[in-house]
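Heavy-atom basis, side chains included; hydrogens, waters and symmetry copies ignored. Letters A, B, ... mirror the listed sequences (proteins, then strands); counts begin at 1.
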2 protein chains.
Amino acid sequence: MERELLLLGLLRSQDMHGYQLHEAIDSHLGMGVQLTKPTAYRLLSNMADDGWVNFREEQEGNRPPRRVYAITQQGEVAFQRLLRENLGNYQPSDFTCHIGLAFLDELSAEEALPLLHSRRTGMEALLESTRAHGEHPGSLQLMLERQVHLLAAELEWLDTVIARLRNAQHETGVQGGNET
Amino acid sequence: MERELLLLGLLRSQDMHGYQLHEAIDSHLGMGVQLTKPTAYRLLSNMADDGWVNFREEQEGNRPPRRVYAITQQGEVAFQRLLRENLGNYQPSDFTCHIGLAFLDELSAEEALPLLHSRRTGMEALLESTRAHGEHPGSLQLMLERQVHLLAAELEWLDTVIARLRNAQHETGVQGGNET
DNA sequence: TTCAGACTATTCCGAATAGACTAATCTGCA
DNA sequence: TGCAGATTAGTCTATTCGGAATAGTCTGAA
């Protein structure tokens with residue numbers, strides 16, 4: 001329901017067609033929110049079936065007519081409900097994509113360290129690009145702030161892991177290769 | 001490919017059948033890793049097609065025969081590759097499920113604060129249960145540690161948001177109801 | 001002894017998904 | 001002015017996903 005909440009929230013500020021909605025999400029929220037075009041269109045069509053939004057066909061020049069969606073009173077009610085639901089309970093985030101960390105001890109420190117450094121570089125790049133994203137209207141700013149805070153925390157944690165690995169490597173004595 | 005990495009990683013330590021694998025993931029990693037039973041079975045069957053695992057039919061008592069999977073040499077190669085790939089590049093986490101925060105300013109402080117407190121309670125509960133999860137073999141411990149670190153950071157951030165809202169509420173003067 | 005409810009183990013099938021595609025218009029530059 | 005490449009707008013379809021169903025076994029309590 002989060003994706004519906006997002007679409008409704010955007011439609012509250014302005015009537016929009018599917019492409020426009022997808023663009024708005026893709027450019028402002030980037031890779032942080034997964035909502036592909038076909039999915040956006042399907043959700044809009046579903047919400048129209050549910051009476052949460054309606055649409056008018058609009059034509060500009062010779063271009064094919066497009067469906068401009070607007071939120072309905074029912075949609076507004078749904079938005080208010082979904083917003084309260086979403087804010088009120090915390091969903092733990094999925095860490096499937098970080099599962100490699102669970103097998104870190106399968107690698108020697110010599111192999112693990114460069115990989116973790118590469119990982120660190122990617123995190124820093126993302127942190128910078130999020131910071132550089134600049135001003136955003138209203139609470140979108142809040143989301144970016146949160147992202148920056150979390151990335152900084154994870155970076156900090158990763159540094160402790162790297163430090164520990166370095167120490168372990170040092171204690172054992174630096175052996176040129178990996179012990180087979 | 002993360003789910004394949006996880007299954008291969010578990011099979012490296014011990015031959016297992018699908019149900020057992022699903023159980024191991026569900027109980028140890030809880031809600032942090034999404035891998036439903038049908039998906040686990042399908043991934044195993046796909047990996048068998050790819051030659052990453054093989055299986056033997058095993059029967060216990062009158063129970064229907066079950067497929068006990070084992071990792072192959074090819075699977076081990078795949079595991080090593082996937083592990084390095086996964087550790088080396090950082091995937092930004094999806095924050096779709098926190099999108100409500102982007103519309104926080106649509107609510108009055110009077111309405112927002114109790115919701116954020118409820119959210120906070122959920123986060124603290126998760127933090128405690130993660131901390132209480134106790135000792136885990138090898139680097140699984142590392143994953144839990146990471147989870148704790150990130151939850152603590154997000155809790156900290158949420159507290160600043162709550163504090164700001166309280167201040168704003170104070171500045172404006174506490175009006176009993178919501179201005180319509 | 002039987003029957004309800006829980007557990008083991010897997011599969012089916014409809015729903016959701018997103019990469020690739022279509023098709024039209026605009027843009028700029030040679 | 002012509003046309004290559006980018007942009008706008010939306011859809012098709014093959015794949016992926018997971019809730020629910022299936023089918024059998026165990027446990028314990030009445």
Using whole Å, what does the distance between atom [atom2] of nucleotide [N] and atom [atom1] of [X] come to?
| X | N | atom1 | atom2 | answer |
| --- | --- | --- | --- | --- |
| A/R66 | C/dA24 | CZ | P | 16 Å |
| B/E23 | C/dT8 | CD | C1' | 9 Å |
| B/L43 | D/dC17 | CG | C1' | 10 Å |
| A/N46 | D/dT11 | CG | C1' | 15 Å |
| A/H22 | C/dT17 | NE2 | C1' | 14 Å |
| A/Y41 | C/dA16 | OH | C1' | 18 Å |
| B/I25 | D/dG18 | CD1 | P | 13 Å |
| B/E57 | C/dT8 | CD | C1' | 16 Å |

Contact nearer the 5' end of DNA chain D, comparing B/K37 with B/R42: B/R42
OP1 or OP2 of [N] less than 4.0 angstrom from a side-chain nitrogen or oxygen of [X], does that happen here?
| X | N | result |
| --- | --- | --- |
| B/T39 | D/dC17 | no |
| A/Y19 | D/dG10 | no |
| A/R3 | C/dT17 | yes |

Closest heavy-atom pair and its distance - A/V148, A/L127: O-CD1, 3.7 Å
Touch class at under 4.0 angstrom, heavy-atom based, for A/H17 against every strand present: sugar-phosphate
N-O pairing of B/E57 and B/R67 below 4.0 Å: yes
CA sep, side-chain torsions, deciding dist, call: A/I71, A/L7, side-chain contact (heavy atoms from CB on, under 4.5 Å): CA-CA 9 Å; A/I71 188 169; A/L7 291 172; over 6 Å; no
B/E76 side chain to B/Q80 side chain, donor-acceptor N/O pair below 3.5 angstrom: yes
